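What follows is a short report on a single structure.
In this text the structure is predicted, and so the values were computed from the model without any measurement.
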Amino acid sequence: MSIDIHEYLAEFDDIPGTRVYTAKRARQGYWMNQFAMSLMKAENRERWKADERAYIDEWPMSEAQKQAILDRDYNRCLDLGGNIYFLAKVFSTDGLSFLQAVGTMTGMTPEDYQAMMIAGGRSPQGVRSIREKR
Amino acid sequence: MSIDIHEYLAEFDDIPGTRVYTAKRARQGYWMNQFAMSLMKAENRERWKADERAYIDEWPMSEAQKQAILDRDYNRCLDLGGNIYFLAKVFSTDGLSFLQAVGTMTGMTPEDYQAMMIAGGRSPQGVRSIREKR
Amino acid sequence: MARITAGVATSHVPAIGAAMDLVKTAEPYWQPVFAGYDWSRRWIAQEKPDVVILVYNDHASAFDMKIIPTFAIGCGERYKPADEGWGPRPVPDVEGHADLAWHIAQSLILDEFDMTIINEMDVDHGLTVPMSLMFGQPEQWPSKVIPLAVNVVTYPPPSGNRCWLLGEAIARAVESFPEDLNVQVWGTGGMSHQLQGPRAGLINKEWDNRFLNLMSDDDGEALRAISHIEYLRETGSEGIEMVMWLIMRGALGKKVRPLHRHYHVLASNTAVGHLVLEPVS
Amino acid sequence: MARITAGVATSHVPAIGAAMDLVKTAEPYWQPVFAGYDWSRRWIAQEKPDVVILVYNDHASAFDMKIIPTFAIGCGERYKPADEGWGPRPVPDVEGHADLAWHIAQSLILDEFDMTIINEMDVDHGLTVPMSLMFGQPEQWPSKVIPLAVNVVTYPPPSGNRCWLLGEAIARAVESFPEDLNVQVWGTGGMSHQLQGPRAGLINKEWDNRFLNLMSDDDGEALRAISHIEYLRETGSEGIEMVMWLIMRGALGKKVRPLHRHYHVLASNTAVGHLVLEPVS
Ligand SMILES: [Fe+3]
Ligand SMILES: [Fe+3]
């Protein structure tokens with residue numbers, strides 16, 4: 001096999017509204033994701049719920065990353081290197097389902113997102129490639 | 001490649017005075033090795049030195065495994081699934097070097113083992129294969 | 001001699017597990033999801049596999065960012081359901097089959113697959129939801145399980161071709177295990193779904209059904225050639241999980257007979273796909 | 001473009017590290033061990049590699065029995081010396097090269113090597129003793145390091161052939177990294193030694209020297225074909241570490257020029273072997 005890694009990675013930027021979790025993102029979001037992962041322990045969830053700011057300040061994250069988490073701004077979290085499966089520990093702790101949390105990233109109201117999904121989901125038509133407009 | 005795993009493993013029993021750390025041994029010695037590994041932490045070494053029996057009793061090991069460790073009988077440890085790199089944490093905690101600890105497994109006196117090693121080590125002649133006597 | 005008798009593919013959506021745990025399966029939303037597994041539950045009750053080699057991905061549960069194995073095989077005696085942020089699922093512990101797992105791990109490494117051996121880990125919805133779908137809610141799981149965790153979270157995941165080759169190597173390894181065991185291989189995850197960003201909610205019925213056709217067919221070449229970027233563009237960012245189906249398909253050999261097929265849009269954010277395949281020798 | 005400019009092979013005996021840390025290198029027992037590295041230290045001071053891809057094995061330090069990766073690549077920013085039971089070695093922290101390491105990791109996975117990515121770990125004598133041998137005792141290591149840990153403790157380790165192929169793939173990956181970097185690959189461990197059982201103390205000069213000849217030669221085929229059982233019978237139970245030299249050798253390409261060779265029996269329980277090789281294109 002000889003896939004060119006640079007071409008391989010470059011194509012990921014051509015997908016509309018999607019952040020692929022590459023090395024670059026994994027490195028940027030390292031501690032944000034490790035923070036999120038810590039919420040798998042019930043005792044950490046308690047401490048987090050009791051004082052979110054104090055808990056998050058224990059982690060070596062940028063202020064922007066901390067704020068994105070505190071705001072539950074998941075698109076911003078993704079931009080700053082978050083990965084959805086790690087971030088899931090945050091919204092699960094909030095008692096949100098994947099359906100509820102995922103909808104917040106689409107710019108749609110929760111009702112509109114749910115309605116779209118019940119109607120069969122978002123069509124791939126037009127959101128496959130920015131460059132090729134298909 | 002199509003190496004037969006059964007033949008591959010069977011050959012290991014044909015080497016004189018040697019225990020190859022196969023799955024079978026790894027499974028048998030799992031907790032003995034994990035116990036040994038715990039001595040990489042200074043605080044565990046302190047607890048171990050203060051009361052070996054109490055410390056080892058915290059681990060789900062067989063009595064035979066515990067006794068072999070307490071006796072520093074490293075051949076017996078190997079027979080019961082120990083691996084030398086894990087066991088090294090035990091003799092390092094005792095302040096023994098690899099040269100000193102390894103010698104204890106040969107049936108030679110420390111002086112004789114050291115002398116053999118300084119003279120160039122053990123010859124492979126006659127200890128390559130039990131079956132083929134070479 | 002151990003034998004691979006069947007392959008199962010299924011989505012592993014966490015909400016499906018929650019629907020079962022919270023007794024919502026009869027609700028109109030969930031009923032058609034579960035209806036497609038009725039046949040499979042009857043079938044597997046007769047088949048009684050001794051061991052399931054369960055290919056899944058860990059969703060940041062057992063593995064954090066410190067360590068990311070491409071292929072990890074569970075050689076332990078038992079695994080607990082992971083706490084994914086809302087407490088562990090109320091399902092039985094998963095019993096491993098350490099003898100067969102170690103045999104496969106050793107064989108795969110000799111066969112030049114660079115496996116990571118795991119002796120202790122918790123298993124998340126990726127593994128337990130397929131168990132619940134296929135076995136329902138027993139006191140104890142009726143089959144032993146060998147977890148095979150594939151990295152599909154941090155890029156790059158293994159290629160589809162590499163997954164297929166791993167499946168073939170697993171088949172060789174199972175065949176050389178002396179004990180007479182009925183072994184199934186399950187590939188889980190998918191089908192189309194995207195859980196992140198403004199494009200979230202993507203579903204591609206046409207593509208998914210083409211994939212189900214190819215999986216049920218005797219020609220694996222087209223499946224092996226699907227690139228990561230195609231999964232991403234066509235099936236959403238999480239559709240990449242379908243590479244794991246190829247491990248199962250590769251393990252069945254060239255010719256297969258489809259026994260059962262189910263496709264339903266949707267559960268939570270995900271198109272649910274399910275296949276039962278039999279190897280034809 | 002990054003370039004692999006040389007390969008280094010060396011034993012990594014813990015007692016060698018201790019001899020340096022405890023200032024015993026001038027003692028008659030140790031003097032001939034270190035004498036063979038004088039040339040190499042002068043050479044590397046001129047070469048000034050930016051990055052060393054350091055192939056070694058973890059000796060139950062970073063990895064316990066819970067998880068056993070066959071090939072693990074360190075993609076972190078820095079690594080501390082491990083506490084192996086007598087406190088960490090008094091050597092500087094090892095600085096990683098995360099950019100190149102992630103590039104190699106990604107490339108290898110696309111190239112169908114099933115790598116485990118490691119972001120945090122301590123590094124034991126397997127990695128730090130070669131650093132000390134080659135660089136002496138500086139305040140800070142002059143090169144960055146990409147640790148590549150190979151399982152040679154729990155059987156089976158990867159085959160010699162697989163190690164060679166990994167080396168070739170590493171070379172392809174380094175070549176496709178855009179930054180101009182002087183990269184060396186080091187293979188460590190060996191040569192003949194057995195640290196366990198009644199056969200402990202085995203040393204095989206003839207075999208070791210044949211291996212050094214083959215390593216310095218243009219024909220890798222004979223090296224790739226050496227089986228695990230041959231290493232075990234001929235070079236002692238720990239001689240298997242020499243499979244790691246093949247990763248280095250594979251990375252250098254078909255033709256090599258030997259620049260330096262050193263062989264000394266013995267240090268502690270181990271035959272010390274050392275080679276410096278240059279790729280010939
Ligand atoms: Fe999933
Ligand atoms: Fe070593």
Side-chain angles (χ1 to χ4, degrees), chain A residues 1 3 5 8-9 11-12 14-23 25-26 29-31 33-34 36-42 45 74-75 78 83-93 95 97-99 101-103 105-108 113 116-118 120-124 127-129 134, chain C residues 13-15 18 29 57-66 68 82-88 122 124 126 152-156 159 161-162 192-207 227-230 232-240 265-271:
Chain A
M1 306 274 287
I3 295 173
I5 182 80
Y8 172 87
L9 294 172
E11 284 192 290
F12 295 165
D14 181 50
I15 309 169
T18 303
R19 286 86 159 178
V20 182
Y21 192 62
T22 54
R25 289 205 168 81
Y30 192 85
W31 290 110
N33 291 320
Q34 294 293 74
M37 190 95 183
S38 75
L39 299 178
M40 287 181 72
K41 292 213 173 83
R45 292 198 288 270
Y74 291 110
N75 277 326
L78 295 175
N83 172 277
I84 194 63
Y85 291 122
F86 287 83
L87 298 172
K89 279 56 176 174
V90 179
F91 64 70
S92 295
T93 300
S97 71
F98 266 95
L99 190 64
V102 163
M105 288 179 268
T106 60
M108 301 166 77
Y113 183 74
M116 176 181 79
M117 294 317 283
I118 284 172
R122 183 188 306 282
S123 163
V127 290
R128 293 182 173 97
S129 164
R134 63 182 174 107
Chain C
V13 187
Y29 180 89
N57 65 297
D58 180 73
H59 303 77
S61 304
F63 305 118
D64 62 8
M65 288 307 298
K66 277 190 206 167
I68 308 164
D83 180 344
E84 299 179 58
W86 58 85
D122 290 346
D124 73 10
V152 295
V153 173
T154 303
Y155 271 72
S159 69
N161 185 58
R162 185 66 178 166
S192 54
H193 64 309
Q194 173 148 343
L195 301 180
Q196 51 119 323
R199 200 176 73 141
L202 186 132
I203 296 288
N204 192 339
K205 279 189 209 185
E206 292 70 28
W207 198 97
S227 61
H228 293 164
I229 188 71
E230 177 170 348
L232 285 162
R233 289 195 200 280
E234 296 288 345
T235 73
S237 49
E238 278 61 58
I240 188 70
V265 173
L266 47 60
S268 184
N269 302 281
T270 305

If you tally heavy-atom pairs under 4.5 Å between each of Ser92(A), Ala42(A), Ala101(A) and chain C, the highest tally belongs to Ser92(A)
Where does Tyr113(A) contact chain C at under 4.5 Å (heavy atoms): side chain, backbone, both or neither?
side chain
Side chain / backbone / both / neither for Met40(A) at chain C, heavy atoms under 4.5 Å
both
Quick check on Met37(A) against chain C: is it the side chain, the backbone, both or neither that has a heavy atom closer than 4.5 Å?
side chain
Go through the atoms of Glu11(A) and report whether side chain, backbone, both or neither lie under 4.5 Å from a heavy atom of chain C.
both
Based on non-hydrogen pairs under 4.5 Å, which of Ala18(C), Gly197(C), Gly87(C) is most in contact with chain A?
Gly197(C)
Report the residues that fulfil side-chain contact (heavy atoms from CB on, under 4.5 Å) with Arg25(A), sequence neighbours left out, ordered by chain and then residue number.
Arg19(A), Tyr21(A), Thr22(A)
What residues form a side-chain contact (heavy atoms from CB on, under 4.5 Å) with Pro14(C), not counting sequence neighbours?
Phe98(A), His125(C)
Which bit of Lys205(C) is near chain A, if near means a heavy-atom gap under 4.5 Å: side chain, backbone, both or neither?
neither
Under a 4.5 Å heavy-atom cut-off, does chain A meet the side chain of Leu195(C), its backbone, both or neither?
both
Determine whether the side chains of Asn269(C) and Gln194(C) contain a donor N or O and an acceptor N or O closer than 3.5 Å.
no
Between Pro156(C), Ser237(C), Ser61(C), Ala82(C), which has the largest tally of heavy atom pairs under 4.5 Å with chain A?
Ser61(C)
Can you tell me which portion of Leu78(A) sits under 4.5 Å from chain C's heavy atoms? Options are side chain, backbone, both or neither.
side chain
Can you tell which part of Ala15(C) gets under 4.5 Å to a heavy atom of chain A, answering side chain, backbone, both or neither?
neither
Check whether Asp124(C) reaches the backbone of His59(C) with its side chain - one donor and one acceptor, N or O, closer than 3.5 Å.
yes
Just so I know, are the side chains of Ile229(C) and Ile15(A) near enough to count as touching, which here means a heavy-atom distance under 4.5 Å?
yes
Step by step, would you call Ser129(A) with Arg233(C) a side-chain contact (heavy atoms from CB on, under 4.5 Å)?
CA-CA 7 Å; Ser129(A) 164; Arg233(C) 289 195 200 280; 3.3 Å; yes
Heavy atoms, side chains only, cut-off 4.5 Å: are Arg45(A) and Asp83(C) in contact?
yes
Of the listed Pro198(C), Gly236(C), Ser227(C), the one with the largest count of heavy-atom pairs under 4.5 Å with chain A is Pro198(C)
Tell me, side chain or backbone of Glu206(C) under 4.5 Å from chain A's heavy atoms, or both, or neither?
neither
Sub-4.5 Å side-chain heavy-atom contact between Leu232(C) and Tyr155(C):
yes
Is it the backbone or the side chain of Ser192(C) that comes under 4.5 Å from a heavy atom of chain A, or both, or neither?
neither
Ring pair (Phe, Tyr, Trp, His ring centres under 6.0 Å) between His228(C) and Tyr8(A), intermediate numbers included
CA-CA 9 Å; His228(C) 293 164; Tyr8(A) 172 87; 5.6 Å; yes
